[in-house]
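In what follows, a structure is listed as structure tokens, so that the remarks can point back to it.
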2 protein chains.
Amino acid sequence: MCEKLKNLKKTEYKIALLLSENGILNANDLQNMLNVDKATVYRNLKSLLKKKIIREILTDEKSFYEIDCNIHNPIHPHFECVKCKKIYCLKPLSAQDTINLSHYTDFEISSIEIIIKGICNECKKQF
Amino acid sequence: MCEKLKNLKKTEYKIALLLSENGILNANDLQNMLNVDKATVYRNLKSLLKKKIIREILTDEKSFYEIDCNIHNPIHPHFECVKCKKIYCLKPLSAQDTINLSHYTDFEISSIEIIIKGICNECKKQF
DNA sequence: TATCATAATGCAACTCAGTTGCAAAAATAA
DNA sequence: TTATTTTTGCAACTGAGTTGCATTATGATA
Ligand SMILES: [Mn+2]
Ligand SMILES: [Mn+2]
Ligand SMILES: [Zn+2]
Ligand SMILES: [Zn+2]
């Protein structure tokens, strides 16, 4: 288990644990699994994001969340199927594919998000 | 001017032209510049997206749009300042930084979006 | 030109993810 | 215990984006 999860508040910890165990989840998933108010979910997600314990994946309609542990879950691209709206975690970029952020000297970079869109295998079969 | 802009419907064309001239804009910008209903803006944006005339850049709160012409505006990463919420277009990735999408054989890829977050130079000075 | 069919627009109501103010409950300090 | 601070639930709200429907504009056809 990720070291970062120590010293979290109770609900923060529960959310972080659920994300560690289940991969990628949205706010509604978490609300159902935790049986708490959605305001509580969003407030805790915000503080976890600020603490850099979790990462946010934006889509057209809602956000998804995953644990941010470099060892267990290194930064990686995501695939969003435009048909079924499912989010897939892709394998991390290989060294030669890694984006060189050092040109962007005008910005103090804190995170990077790569979203690839298209049609997943399941949906390709069906249609 | 981009070849793609021919054969567009009237409002589609106006939007595409505004995006060509002004770079990145959101739906509200376009509504004000065109003096039309927001429903009209969104409907036309949707059809332009489907025709791949424009690209969408998602942020926490709203979407931005830019023209999709490989010659005049090749695909490039975007920077979102977490302070002022401004979106900056970054220079396209160099050849050695280009992501190799050919591993992802389970997916039929149609687009890729790279969003880098952090603090822009303006905001760094101010705070 | 007049008549009909189709597409685009305006408007208003709606949806839904996410936020916020506030009072109650829970945790923590004294 | 009592006082103070933090967290939660609830309900109302916000704002981007959508949708149904009547009206208007466009375009074809005779
Ligand atoms: Mn992931
Ligand atoms: Mn751009
Ligand atoms: Zn799919
Ligand atoms: Zn800024």
Side-chain angles (χ1 to χ4, degrees), chain A residues 5-19 24-51 53-66 78 80-87 111 113 115 117, chain B residues 5-19 24-51 53-66 78 80-87 111 113 115 117:
Chain A
L5 302 200
K6 316 283 180 193
N7 300 327
L8 290 181
K9 289 165 197 163
K10 219 165 34 173
T11 307
E12 283 178 343
Y13 178 79
K14 285 186 198 165
I15 290 176
L17 203 66
L18 282 174
L19 293 178
I24 195 167
L25 296 171
N26 63 42
N28 194 52
D29 295 334
L30 290 166
Q31 193 191 342
N32 295 331
M33 296 166 106
L34 289 171
N35 252 48
V36 290
D37 190 77
K38 67 172 177 168
T40 302
V41 174
Y42 283 113
R43 281 188 281 237
N44 279 279
L45 285 172
K46 275 217 160 172
S47 70
L48 285 167
L49 282 169
K50 202 178 293 172
K51 293 178 181 176
I53 309 287
I54 63 174
R55 290 190 288 256
E56 185 176 28
I57 299 110
L58 296 175
T59 76
D60 293 351
E61 42 182 27
K62 68 181 75 158
S63 286
F64 291 81
Y65 303 90
E66 68 185 0
H78 291 96
E80 181 187 0
C81 177
V82 296
K83 293 274 185 197
C84 66
K85 303 289 176 186
K86 201 179 157 193
I87 305 291
S111 72
E113 197 188 334
I115 296 211
K117 289 185 189 171
Chain B
L5 303 200
K6 317 281 182 196
N7 300 327
L8 290 182
K9 289 164 196 164
K10 218 165 34 171
T11 307
E12 283 178 345
Y13 178 79
K14 284 186 198 164
I15 290 176
L17 203 66
L18 283 173
L19 293 178
I24 195 168
L25 296 171
N26 63 42
N28 194 52
D29 296 333
L30 291 166
Q31 193 192 343
N32 295 331
M33 295 165 105
L34 290 171
N35 251 48
V36 290
D37 191 78
K38 67 172 179 168
T40 302
V41 174
Y42 282 113
R43 280 188 281 239
N44 279 278
L45 284 172
K46 275 218 162 172
S47 72
L48 285 167
L49 282 169
K50 202 179 292 171
K51 293 178 181 176
I53 309 288
I54 63 173
R55 291 190 286 256
E56 185 176 29
I57 299 110
L58 297 176
T59 76
D60 293 351
E61 41 182 27
K62 68 181 74 154
S63 286
F64 291 81
Y65 303 90
E66 67 184 1
H78 291 95
E80 180 187 1
C81 177
V82 296
K83 294 274 184 195
C84 66
K85 304 288 177 188
K86 200 179 159 191
I87 304 291
S111 72
E113 198 188 332
I115 296 211
K117 290 186 189 168

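Reminder, nothing fancy here: chain letters follow the sequence lines and each chain counts from 1.
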Which whole-number value in Å describes the distance from [X] [atom1] to [N] [atom2]?
| X | N | atom1 | atom2 | answer |
| --- | --- | --- | --- | --- |
| B:Leu49 | D:dA16 | CG | C1' | 15 Å |
| B:Asn44 | C:dA7 | CG | C1' | 12 Å |
| B:Tyr13 | C:dA8 | OH | C1' | 19 Å |
| A:Leu8 | D:dT7 | CG | P | 12 Å |

Report task. Could you grab the distance from atom OG1 of B:Thr59 to atom NZ of B:Lys85, nearest 0.5 Å is fine? Result ->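 With rounding to 0.5 Å, OG1 (B:Thr59) is 7.5 Å from NZ (B:Lys85).
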Query raised in the report: CG/B:Asp29 to OH/B:Tyr65 distance, rounded to the nearest 0.5 angstrom?
Result: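 Output value for this atom pair is 11.0 Å.
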Query raised in the report: Between the axis at one end of the helix from C:dT1-D:dA30 to C:dA30-D:dT1 and the axis at the other (five pairs apiece), what's the angle to 10 degrees?
Result: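 The value is 20°.
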Query raised in the report: Contact class for B:Asn26 vs. all strands (heavy atom < 4.0 Å): base, sugar-phosphate, or nothing?
Result: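 Nothing, no nucleic acid heavy atom in range.
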Query - B/S/- contact track for nucleotides 10-21 of chain C, protein heavy atom under 4.0 Å - result: BB-----SBBBB
Are [X] and [Y] side-chain neighbours, meaning at least one heavy-atom pair lies under 4.5 Å?
| X | Y | value |
| --- | --- | --- |
| B:Glu113 | A:Leu58 | no |
| B:Lys14 | B:Leu17 | no |
| A:Leu48 | A:Leu8 | yes |
| A:Glu12 | A:Asn44 | yes |

Report task. Using the side-chain contact (heavy atoms from CB on, under 4.5 Å) rule, take B:Lys62 and B:Asn28 through it: C-alpha gap first, then chi angles, then the decisive distance, then the call. Result -> CA-CA 10 Å; B:Lys62 68 181 74 154; B:Asn28 194 52; 5.7 Å; no
Report task. Test side-chain contact (heavy atoms from CB on, under 4.5 Å) on A:Leu30 and A:Leu45 and set out the steps. Result -> CA-CA 10 Å; A:Leu30 290 166; A:Leu45 285 172; 3.8 Å; yes
Requested in this report: Determine: side-chain N/O of B:Lys9 to OP1/OP2 of C:dA7, distance under 4.0 Å, yes or no.
Outcome: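 Checking C:dA7 against B:Lys9, no side-chain N or O comes under 4.0 Å of OP1 or OP2.
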Query raised in the report: Are A:Lys10 and D:dT7 close enough that a side-chain N or O sits under 4.0 Å from OP1 or OP2?
Result: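 Indeed not, no polar side-chain atom of A:Lys10 lies that close.
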